[in-house]
There are 2 protein chains.
Amino acid sequence: MLSKTDLYKQRILKELCFGNTLSGTEISSRIEKSMPLTVRLLGELVNEDLVEEKGYAPSSGGRRPQIYALKPGKMYVVSVAMDQLVTRMAVIDMQHCDIICTEKIGLPLLKNPDVLEALANQLNKFIDNTAIARDKIIGVGIGMPGFVDVSKGINYSFLESQTNIVDFLEKRVGIPVHIDNDSSLIALAEFRLGAARGRNDVMVININWGIGLGLVLNGVLFRGCTGFAGEFSHIPLFVNNKLCTCGKSGCLETEASMLVVIEKAVEGLKKGRVSTMEALPEDIEEACHTIINAAIQGDTFAVELLSEAGYNIGKGIAVLIHVLNPELIVLSGRGASAGKLWLAPVQQAINNYCIPRLASKSELTVSAFHQRAELIGAAALVIENFDKRPVKNKVGRVLV
Amino acid sequence: MLSKTDLYKQRILKELCFGNTLSGTEISSRIEKSMPLTVRLLGELVNEDLVEEKGYAPSSGGRRPQIYALKPGKMYVVSVAMDQLVTRMAVIDMQHCDIICTEKIGLPLLKNPDVLEALANQLNKFIDNTAIARDKIIGVGIGMPGFVDVSKGINYSFLESQTNIVDFLEKRVGIPVHIDNDSSLIALAEFRLGAARGRNDVMVININWGIGLGLVLNGVLFRGCTGFAGEFSHIPLFVNNKLCTCGKSGCLETEASMLVVIEKAVEGLKKGRVSTMEALPEDIEEACHTIINAAIQGDTFAVELLSEAGYNIGKGIAVLIHVLNPELIVLSGRGASAGKLWLAPVQQAINNYCIPRLASKSELTVSAFHQRAELIGAAALVIENFDKRPVKNKVGRVLV
DNA sequence: TAGACTTTGTGATATTTTTAGGAAGTCGTA
DNA sequence: TACGACTTCCTAAAAATATCACAAAGTCTA
């Protein structure tokens with residue numbers, strides 16, 4: 001349990017982590033505390049050797065502000081990105097918020113009743129290998145696909161036992177654990193550390209085996225009443241008589257996901273479409289890579305496939321723009337590593353299906369995170385929750 | 001300009017207005033101020049004769065709390081609901097938040113360059129007629145269709161001159177003025193005083209000449225980055241080759257608005273469909289009434305028409321449920337006066353087009369406001385903004 | 001009919017904010 | 001280039017607000 005002063009200090013550390021380097025005034029306004037209090041807390045954090053003064057920033061028309069930053073090597077986050085097929089782990093130093101060490105293990109989420117047990121073991125082994133003291137790791141963040149109930153710690157789609165993932169892993173690893181849906185985490189990554197930094201109303205599209213959506217509304221991650229907001233993949237947008245995994249037909253997913261792209265690529269090649277891609281690898285992840293790389297190299301067929309998917313995603317985005325009027329749309333997730341290739345077809349669909357007054361207000365961009373988006377998001381989740389633990393005062397009464 | 005104490009007092013008055021009667025503890029937590037401070041302010045408000053003590057509430061397991069309420073006849077709000085064709089005005093006593101006096105005038109918004117001038121005159125006349133002292137009227141709230149920029153006071157869709165409506169009317173009437181889009185106001189009415197009271201994530205559907213949408217997300221009215229969120233009417237949902245007023249085809253509006261219902265009714269009657277509605281009145285508003293009343297009386301054709309529209313609206317709602325995972329959906333606005341007739345067809349479409357796990361989390365209900373929704377919303381807008389004016393301290397420096 | 005346990009209300013104390021003014025810059029102008 | 005007007009940043013002292021600790025006034029159970 002924390003004292004109130006400790007809570008404020010954690011807020012400062014969180015803002016410094018997301019903001020990299022900040023002045024006293026900036027920190028004061030971000031943690032919504034007065035300057036005198038903020039300055040006192042910053043002084044204490046410097047004494048505790050967690051924060052350092054980095055000299056003076058250039059003047060913005062007045063006295064130059066002292067700049068503060070986190071000290072490197074003091075606090076770490078472990079992040080985990082799970083998949084139907086593969087699990088990746090990384091350690092992130094809070095100071096520069098980038099991955100210092102990563103590992104890919106063949107731990108599939110799908111049809112794997114012992115996944116939690118295995119994950120706990122792998123996590124412990126991974127942390128031991130890094131040789132970082134456990135008390136320097138402020139938390140473990142885990143991203144996974146499916147319907148995730150953040151507060152109950154349950155993933156309804158996978159892990160059918162419905163055990164509380166958070167409680168289970170915290171007991172086994174001895175470090176605070178946070179979980180969330182992969183698309184929400186990617187949105188968090190873009191919002192806190194990526195293309196959507198400082199924006200208020202953002203939609204982040206997760207181009208993957210399905211089409212995910214993470215929402216930042218009024219400057220906070222929006223999850224909906226039971227945490228299932230952003231089920232973009234299954235909105236009824238087409239009349240195509242294609243059966244979706246969800247049991248319905250006409251879902252966006254049936255016309256736009258990377259799985260559909262791969263399927264169409266296989267079919268096309270079989271029918272003899274000329275392409276630099278002679279044959280696609282069996283492994284679905286590698287097949288996806290192959291197509292994206294071919295497209296980047298300019299392969300006509302590959303570009304065509306991505307454009308078609310992009311146009312369909314754009315039709316879905318057009319609906320969202322009407323409803324939410326976002327300032328920014330970020331294309332992110334696995335598929336987004338194809339980069340700017342997406343922009344034209346998506347924008348084209350937006351122009352076709354949106355009222356011009358709305359379309360012109362929403363900027364469109366592609367993530368720079370490539371494969372790392374989910375891992376960075378999982379770390380951001382831990383930092384996001386860093387100041388959200390129960391607070392006690394001196395006497396021990398719980399306040400928050 | 002206000003002192004900080006005055007600001008807190010306004011917050012208390014606002015909460016009392018929306019909450020009707022509240023205990024000290026409830027007020028304290030709603031205005032997020034400590035009990036000692038809240039109690040002191042309440043005492044001052046009682047002395048100023050704006051608030052009265054209403055005795056003790058039943059105990060909830062401990063000491064019984066003192067109950068506070070606004071005094072009637074102390075503060076009023078003028079609200080205005082504008083339309084393409086007609087303008088309605090009302091006065092509302094903050095104490096019971098219901099309409100005490102209303103007037104319908106033939107002031108059309110459409111193709112009317114002098115509408116602001118006329119509105120100012122009508123407002124002054126209306127206020128004079130009520131014989132309520134102007135300093136007892138805390139504000140004028142105005143709802144209108146179209147793209148409304150709340151902060152700039154501009155309606156981009158009508159009033160092409162793009163004058164600042166708020167500034168203009170404030171100068172002419174001498175009372176603070178607030179404007180907003182009709183669908184946002186209806187959502188505000190339901191959120192603060194109606195079916196969505198106390199809920200956090202709500203979608204309010206405005207069934208009218210178009211299909212509007214007002215969103216309450218994370219417990220606040222959501223407007224989007226430029227204030228145009230909720231353009232539900234023009235999402236591309238159908239492939240029907242029907243030209244919409246927006247210039248595109250396939251918009252929800254082309255299959256679901258009350259205008260379409262009337263159109264189909266006229267066609268059907270012409271083709272000889274049997275119905276208790278022999279012929280529809282020329283006046284579009286009365287035609288709408290006729291159909292709704294016939295449906296309520298059980299007329300098969302009328303029920304069929306509303307069901308069809310309801311099913312199409314439901315398809316649109318299904319998309320929203322996937323994206324936003326709301327806890328409650330309220331059908332409101334002009335068309336909703338048909339009441340529970342809407343529920344079955346809308347729910348049917350939701351069941352058809354939604355993933356069951358999501359559909360089951362979202363409650364569906366119909367507004368109880370009938371024709372009064374927009375007027376009540378316009379009043380709620382004024383009260384909502386009652387504590388949002390610039391604050392000065394004793395010395396006169398602006399704080400907020 | 002105690003005794004344990006609620007919630008509400010209120011002075012005394014502790015925390016936090018605001019004020020007011022000094023420190024340290026920029027910018028325009030004579 | 002020197003000076004005044006105007007920024008922004010920082011901080012001690014005063015004012016505002018929250019927390020604490022406990023009394024008041026209830027409910028519920030054994």
Side-chain angles (χ1 to χ4, degrees), chain A residues 1-12 15 19 21-46 51 53-69 387 390-400, chain B residues 1-12 15 19 21-46 51 53-69 387 390-400:
Chain A
M1 295 288 178
L2 302 163
S3 77
K4 221 170 165 185
T5 303
D6 290 335
L7 174 74
Y8 297 153
K9 285 186 186 174
Q10 294 197 335
R11 290 211 185 130
I12 291 177
E15 293 305 332
T21 59
L22 296 170
S23 71
T25 327
E26 280 171 322
I27 295 171
S28 163
S29 82
R30 286 197 189 204
I31 67 170
E32 295 181 296
K33 293 285 134 188
S34 69
M35 266 301 279
L37 179 56
T38 306
V39 168
R40 202 196 80 208
L41 295 169
L42 276 169
E44 289 180 28
L45 284 168
V46 170
V51 169
E53 301 185 337
K54 303 287 277 185
Y56 296 94
S59 159
S60 60
R63 178 171 167 178
R64 281 157 36 188
Q66 178 62 256
I67 289 296
Y68 299 87
D387 60 351
V391 175
K392 273 196 178 182
N393 60 14
K394 287 175 195 164
V395 195
R397 189 188 300 184
V398 175
L399 298 177
V400 177
Chain B
M1 296 288 178
L2 302 162
S3 76
K4 221 169 166 185
T5 303
D6 289 335
L7 174 75
Y8 297 154
K9 284 186 187 174
Q10 294 198 335
R11 289 210 186 131
I12 292 177
E15 292 305 332
T21 60
L22 297 170
S23 72
T25 327
E26 280 170 322
I27 294 171
S28 164
S29 82
R30 286 197 190 205
I31 67 169
E32 295 181 294
K33 292 286 134 187
S34 69
M35 266 301 277
L37 178 57
T38 306
V39 168
R40 201 196 80 207
L41 294 169
L42 276 168
E44 289 181 26
L45 284 168
V46 170
V51 168
E53 300 185 337
K54 303 286 276 186
Y56 296 94
S59 161
S60 61
R63 178 171 167 177
R64 282 161 32 189
Q66 178 62 254
I67 288 296
Y68 298 87
D387 59 352
V391 176
K392 273 197 179 181
N393 60 14
K394 287 175 193 164
V395 196
R397 189 188 302 185
V398 175
L399 297 178
V400 177

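Note: hydrogens, waters and symmetry copies are ignored here, and every other heavy atom, side chains too, is used. Labels below follow one simple rule: chain letters A, B, ... track the order of the sequence lines, proteins then strands, and each chain is numbered from 1.
One finds a side-chain N or O of B:Tyr8 lying less than 4.0 angstrom from the OP1 or OP2 phosphate oxygen of D:dT17. Side-chain N/O atoms of A:Lys4 include one lying less than 4.0 angstrom from OP1 or OP2 on D:dT19.
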Go through it in stages, so that I can follow the logic: the residues are B:Gln66 and B:Tyr56, the test is side chain to side chain contact (heavy atoms under 4.5 Å, CB included), and I'd like the CA-CA distance, side-chain angles, deciding distance and then a yes or no. CA-CA 5 Å; B:Gln66 178 62 254; B:Tyr56 296 94; 3.9 Å; yes
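With rounding to whole Å, B:Met35 atom CE is found 21 Å from D:dA16 atom P. The distance from atom CG of A:Leu42 to atom C1' of D:dT11 is 14 Å, rounded to the nearest whole Å. At whole-Å resolution of the value, CD in A:Glu26 and P in D:dT8 are 13 Å apart. Note: CG (B:Leu37) to P (D:dA16) measures 11 Å, nearest angstrom. Atom OH in A:Tyr68 sits roughly 9 Å away from atom C1' in D:dC10 (whole-Å rounding). Distance B:Leu7 CG to D:dA16 P: 15 Å, rounded to the nearest Å. Atom-to-atom, CD of A:Gln66 to P of C:dG25 comes out at 12 Å; the value is rounded to the nearest Å. The interatomic distance linking A:Arg40 (CZ) with C:dA14 (P) rounds to 15 Å, in whole Å.
Nucleic acid contact class of B:Pro36 (heavy atoms, under 4.0 Å, all strands): base. At a threshold of 4.0 angstrom between heavy atoms, the contacts of A:Ser34 include nucleobase atoms, whether or not backbone atoms are also involved. Among the atoms of the strands shown, none is found under 4.0 Å from any heavy atom of A:Tyr56.
No salt bridge links B:Glu15 with B:Arg11; every basic N to acidic carboxylate O contact stays at or beyond 4.0 Å.
In this structure, A:Thr21 and A:Ala69 approach most closely via the heavy-atom pair CG2-CB, 3.8 Å.
A:Ile27 has its side chain out of reach of A:Arg30: every pair of non-hydrogen atoms, C-beta onward, lies at least 4.5 Å apart. Residues B:Glu44 and B:Thr5 are in side-chain contact: their nearest non-hydrogen atoms beyond the backbone lie under 4.5 Å apart. Contact check for B:Glu53 versus B:Tyr68: side-chain heavy atoms found under the 4.5 Å cut-off.
Under a 3.5 Å cut-off, the side chain of A:Ser23 and the backbone N or O of A:Ile67 do not form any donor-acceptor pair.
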In the 5'-to-3' direction, what one-character label does each nucleotide of nucleotides 24-30 of chain D receive under the scheme B = base within less than 4.0 Å of a protein heavy atom, S = sugar-phosphate only, - = no such atom? BBBS---
